[in-house]
Amino acid sequence: MKAIRYHRYGGPEVLQYEDVPDPAPAPGEVEVRVRAVSVSPINWKLAKGIATVNAPLPQIPGSECAGETPDGRRVVLAGGGYGTARPGVYAEKITALPAHLVDIPEGVSFAEAASLGVAYATAQLALVARAGLQKGESVAVLGATGGVGVAALQLARLAGASPLIAVARPESHETLRRFGADVTLDPAQEDLGQAIARAAGGGANVILDPVAGPVGVRALAGLAPWGRQVVLGTAAGDTVTFSVPVLYGRNASLLGFTLFGYADKVVPTIQQLLEYLATRRLVVPIERTLPLSQAADAWRLLQERGRLGKIILVP
């Protein structure tokens, strides 16, 4: 079969479209013919060797895909360590345990289903399981134009959050309001924390932070008493300095989150997200669909600033 592999760590230039042996199902596994692969930032972080877990070489990247089993089931992959502990999904075929496969409901495309595994599952679990978001609480989403940000705006709204504040560059504000934001703010403004607090009517109960760095630090001042800021990425920097009283002075919390720590919740979360998609309460914007052979181009596209939609690869 054809697959994408990298034999050394690096950027898009290390990706090779090549022939590899068909995967052999282990006892209890089934074969899945891949119909759509979702491209996520974690893919190239692993390929560069800068993620928290380095994938062994050579490696097929990717952990998000949807496809068909030999008996005709339309399924989406939910977990299983692909692209790290085992070869990834940038391939024509994979094998999987039935426990890691979720049926795709009618009316949901392979591309939409494949897009849920990282960004949407991360947003849902970070908001609900980690931050403990309750109906009526206010939420501010930093880096709101990213995959997690677009997902979080919609999922916070579905959870009953109000008001909903999106923090992103001004040129994206109109689009983010269409995804549910009540208020939009510029991350570059020096009084970002105070602006968040004003927009939330006294402070945000939850701040979802996939960027960290100086933006995340400025946002801390926008937490309400007993507020929670959940950090799940470092797009704006991975080393910060902040004034500790901003937390203990209001009984606020700074929490870390990684999807790897919620492996037991991924399948039911994907099932819930598929239900939202099937009933059109959730939208997955698909910006481009490319053949698997153009995976390097897909990585370059997704790293361009200002992109709100998912990039899909089709084997």
Side-chain angles (χ1 to χ4, degrees), residues 11 38-55 61-64 83-84 115-131 133 139-156 164-169 172 176 179 181 185-188 192-193 196 204 206-220 222-223 227-242 253-263 265-266 269 284-285 299 301-311:
S38 179
V39 179
S40 294
I42 187 63
N43 301 156
W44 63 74
K45 290 179 181 178
L46 287 164
K48 283 187 174 181
I50 60 174
T52 53
V53 178
N54 284 336
S63 60
E64 298 175 275
T84 51
S115 300
L116 299 176
V118 174
Y120 285 75
T122 291
Q124 177 72 357
L125 288 168
L127 286 168
V128 177
R130 190 69 173 113
L133 177 64
V139 172
V141 179
L142 310 184
T145 56
V148 172
V150 170
L153 289 173
Q154 298 181 74
L155 293 168
L164 188 54
I165 303 153
V167 180
R169 295 180 302 279
S172 64
L176 292 173
F179 282 108
L185 300 173
D186 186 342
L192 178 61
I196 290 173
V206 174
I207 297 177
L208 195 69
D209 181 7
V211 298
V215 176
V217 169
R218 290 199 299 273
L220 273 174
L223 282 172
R228 296 86 71 197
Q229 183 159 326
V230 182
V231 182
L232 45 89
T234 56
D238 57 8
T239 303
V240 299
T241 301
F242 66 92
S253 301
L254 184 61
L255 306 171
F257 174 89
T258 172
L259 193 59
F260 296 119
Y262 287 83
K265 297 184 182 297
V266 170
T269 297
V284 176
W299 285 20
L301 281 171
L302 199 59
Q303 291 179 69
E304 293 177 3
R305 300 183 69 177
R307 294 188 176 276
L308 284 163
K310 297 291 290 185
I311 307 293

Roughly how far, to the nearest 0.5 Å, is the [atom2] atom of [Y] from the [atom1] atom of [X]?
X: Arg218; Y: Leu185; atom1: CZ; atom2: CG; result: 11.5 Å
X: Ile42; Y: Thr258; atom1: CD1; atom2: OG1; result: 8.0 Å
X: Leu176; Y: Arg169; atom1: CG; atom2: CZ; result: 9.5 Å
X: Lys310; Y: Leu302; atom1: NZ; atom2: CG; result: 7.0 Å
X: Gln229; Y: Leu220; atom1: CD; atom2: CG; result: 4.0 Å
X: Gln154; Y: Leu164; atom1: CD; atom2: CG; result: 10.0 Å

Could you report the tightest heavy-atom contact between [X] and [Y], atom names first, then the distance?
X: Asn43; Y: Ser63; result: ND2-N, 4.3 Å
X: Ala204; Y: Ile196; result: CB-CG2, 3.8 Å
X: Asp209; Y: Ala212; result: OD1-N, 2.8 Å
X: Ala181; Y: Leu153; result: CB-CD2, 4.4 Å
X: Leu232; Y: Ala126; result: CD2-CB, 3.7 Å
X: Ser115; Y: Val284; result: CB-CG1, 3.5 Å

Can you check whether [X] reaches [Y] side chain to side chain, under 4.5 Å on heavy atoms?
X: Val167; Y: Ile207; result: no
X: Leu125; Y: Phe257; result: yes
X: Pro187; Y: Leu142; result: no
X: Ser38; Y: Tyr120; result: no
X: Val217; Y: Thr241; result: no
X: Thr269; Y: Tyr262; result: no

| task | With Leu208 as reference, evaluate Thr122, Val148, Leu133 under the side-chain contact (heavy atoms from CB on, under 4.5 Å) test and give the passing residue. | result |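 Among the candidates, only Val148 passes.
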
| query | Would a distance-only check, ignoring hydrogens and angles, find a side-chain to backbone donor-acceptor pair under 3.5 Å from Glu64 to Val118? | reply |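 Pair found, side chain donor or acceptor close to backbone of Val118.
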
